[in-house]
Amino acid sequence: MATDILRRVGEKWSVLLLAVLQHGPRGFNQLDRTVEGLSRRILTRTLRALEADGLISRRQAGDRVEYALTDLGRSLLPLILAIGEWAVEHAPQIEAARQRSLSE
């Protein structure tokens, strides 16, 4: 079970969608326009998986569908953001290590 959860939150698209939804509910088309490089097929699949895991909710809002973070999704967000901040802070060290590895 833990492996499945880590796999989900480690997926690039899942993380990006959760980050976008931290700013409030979004419609499918809004998400499609916001997350560059994400196909509609993968967007649909990722949203369904996040909903199945209880991290986001889906509701009909008039003539459109709206997605929002659940309490569970909001509780995960600080951890994801912390990892992102760590990655930005340590990117130069990681890049240097990669370059050393290539030159060996």
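Quantities reported herein were computed from a predicted structural model and do not represent experimental measurements. Quick note: residue numbers are just sequence positions, from 1. Heavy-atom basis, side chains included; hydrogens, waters and symmetry copies ignored.
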Quiz item: Of the non-hydrogen atoms in Leu21 and Tyr67, which two are nearest, and what is the gap between them?
Solution: CD2-O, 3.4 Å
Quiz item: How far apart are the closest heavy atoms of Leu69 and Arg74, and which atoms are they?
Solution: O-NH1, 2.9 Å
Exercise. Decide whether Leu81 and Val88 are clustered together by the hydrophobic rule: side chain heavy atoms of Ile, Leu, Val, Met, Phe, Trp, Tyr closer than 4.5 Å, transitively.
Key: no
Exercise. Can you sort out the partners of Ala68 under side chain to side chain contact (heavy atoms under 4.5 Å, CB included), two or more places apart, ordered by chain and number?
Key: Pro25, Ser57
Practice problem: Could you name each residue pair satisfying salt bridge (Lys or Arg N to Asp or Glu O under 4.0 Å) that touches residues 20-43, not counting sequence neighbours? | Solution: Asp32-Arg40
Quiz item: Which residues pass the side-chain hydrogen bond (donor to acceptor under 3.5 Å, both in side chains) test with Arg100, sequence neighbours left out?
Solution: none
Quiz item: Is there side-chain contact between Phe28 and Leu47, with at least one heavy-atom pair below 4.5 Å?
Solution: yes
Self-check item: Test salt bridge (charged side-chain N to carboxylate O under 4.0 Å, His left out) applied to Arg64 - qualifying residues, sequence neighbours left out
Solution: Glu66
Quiz item: Mind checking what makes salt bridge (charged side-chain N to carboxylate O under 4.0 Å, His left out) contact with Glu11, not counting sequence neighbours?
Solution: Arg8
Quiz item: What distance separates Leu38 CG from Leu17 CG, expressed to the nearest 0.5 Å?
Solution: 6.0 Å
Quiz item: Remaining members of Ile94's ILVMFWY cluster at a side-chain heavy-atom cut-off under 4.5 Å?
Solution: Trp86
Exercise. Using atom types as modelled and distance alone, determine if a side-chain donor or acceptor of Thr34 lies under 3.5 Å from a backbone N or O of Gln30.
Key: yes
